[in-house]
Amino acid sequence: MAREKRTVTELDSNYMQQYNAHVERQKRKKQRLIRRLVLFSIIALIAFGSMTTYHIKQRALHAEKKEEYERLQQEIVDLKNEEVSLQEEAERLKDEEYVLEIARTNYFFSKEGELIFKLPDEEPAY
């Protein structure tokens, strides 16, 4: 249906002017309120988004640092074990018999009258 034309004439009185001005002020007030709320919402969303992004980055950094810490702890344990074995090796190297045994096996030193034959490690292919 088409809108019917208003046939009522508005009075041009002081009261109606004040009322219209009041209604207009209320509309502007409501518009400003809506604009402020939208602006505040946008600012809140930006702040929340930036804090969320920062939190996610910090969690990733924390996980990376924790992983590196665990890796370094394992490396410390491995190095301590290696240190113990090297100290034991140093103690054994003080023994002359042990040094002579190493020289005989690794460098083919022999005792007087002893012949050393080097045998191949691999089996022949025939």
Side-chain angles (χ1 to χ4, degrees):
M1 285 194 193
R3 284 176 106 181
E4 293 182 22
K5 280 190 168 183
R6 291 179 60 175
T7 57
V8 177
T9 306
E10 194 173 289
L11 295 176
D12 193 27
S13 69
N14 193 21
Y15 171 76
M16 286 308 292
Q17 289 174 355
Q18 288 177 353
Y19 178 74
N20 287 338
H22 174 71
V23 168
E24 199 59 38
R25 280 193 306 270
Q26 291 298 327
K27 282 183 186 178
R28 280 188 261 130
K29 208 175 185 183
K30 189 173 182 180
Q31 274 185 334
R32 285 194 308 261
L33 175 65
I34 291 172
R35 286 179 189 157
R36 282 194 307 258
L37 288 175
V38 168
L39 180 63
F40 176 74
S41 299
I42 290 171
I43 291 171
L45 283 174
I46 290 171
F48 183 73
S50 64
M51 285 190 281
T52 303
T53 304
Y54 178 75
H55 178 70
I56 290 170
K57 286 180 182 179
Q58 288 299 313
R59 285 181 63 112
L61 181 64
H62 175 64
E64 181 182 315
K65 293 295 183 183
K66 187 175 181 181
E67 186 177 300
E68 182 180 2
Y69 175 78
E70 290 171 359
R71 182 184 57 79
L72 290 174
Q73 288 290 15
Q74 183 60 42
E75 188 176 327
I76 287 172
V77 169
D78 294 342
L79 288 174
K80 284 183 180 180
N81 291 339
E82 184 180 349
E83 179 186 18
V84 168
S85 68
L86 288 175
Q87 286 175 347
E88 290 173 358
E89 181 74 16
E91 287 297 320
R92 285 185 283 183
L93 286 173
K94 291 178 183 177
D95 183 22
E96 188 175 325
E97 290 296 320
Y98 180 73
V99 173
L100 288 175
E101 184 65 31
I102 290 176
R104 290 184 73 208
T105 57
N106 293 344
Y107 302 109
F108 305 111
F109 286 131
S110 63
K111 295 180 183 177
E112 278 193 41
E114 184 179 48
L115 293 174
I116 298 176
F117 295 99
K118 180 173 178 19
L119 300 175
D121 292 339
E122 298 177 5
E123 294 290 323
Y126 50 85

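Small disclaimer: the values here were computed from a predicted structure and weren't measured. If you read the sequence from its start, that first residue is 1, and numbering goes on from there.
Minimum heavy-atom separation, E89 to Y98: OE2-OH, 3.2 Å. When all heavy atoms of I102 and L93 are compared, the closest pair comes out as CD1-CD2, 4.1 Å.
The shortest side-chain heavy-atom distance between Y54 and Q58 falls under the 4.5 Å cut-off. Under the 4.5 Å side-chain criterion, counting only non-hydrogen atoms from C-beta, Y69 is in contact with Q73. Looking at heavy atoms from C-beta onward, L33 lies out of side-chain contact with K29 at the 4.5 angstrom threshold. Using a 4.5 Å cut-off on side-chain heavy atoms (C-beta onward), T53 and K57 make contact. Side-chain atoms of K30 and Q26, non-hydrogen and from C-beta on, never get closer than 4.5 Å to each other.
For the atom pair CZ of R28 and CZ of R35, the computed distance is 11.0 Å after rounding to the nearest 0.5 Å. How far CD1 of I76 is from CD of Q74: 10.0 Å, rounded to the nearest 0.5 Å. Taken to the nearest 0.5 Å, the CD atom of E68 stands 7.0 Å off from the CD atom of E64. If you take CG on L72 and NZ on K65, they are separated by 10.0 Å, rounding to the nearest 0.5 Å.
Sequence neighbours left out, the pairs with a member in residues 69-78 that pass salt bridge (Lys or Arg N to Asp or Glu O under 4.0 Å) are R71-E75.
Cluster annotation: I46 and L37 are assigned to distinct hydrophobic clusters (Ile/Leu/Val/Met/Phe/Trp/Tyr, side-chain heavy-atom contacts under 4.5 Å, transitive).
In this pair, H22 and Y19 present their aromatic rings tilted. The plane angle is within the 30 to 60° band.
Under the salt bridge (Lys or Arg N to Asp or Glu O under 4.0 Å) criterion, K94 pairs with E91, not counting sequence neighbours.
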Q: Start with the C-alpha gap between D12 and M16, add the side-chain angles, then the distance that decides, and say whether side-chain contact (heavy atoms from CB on, under 4.5 Å) holds.
A: CA-CA 6 Å; D12 193 27; M16 286 308 292; over 6 Å; no

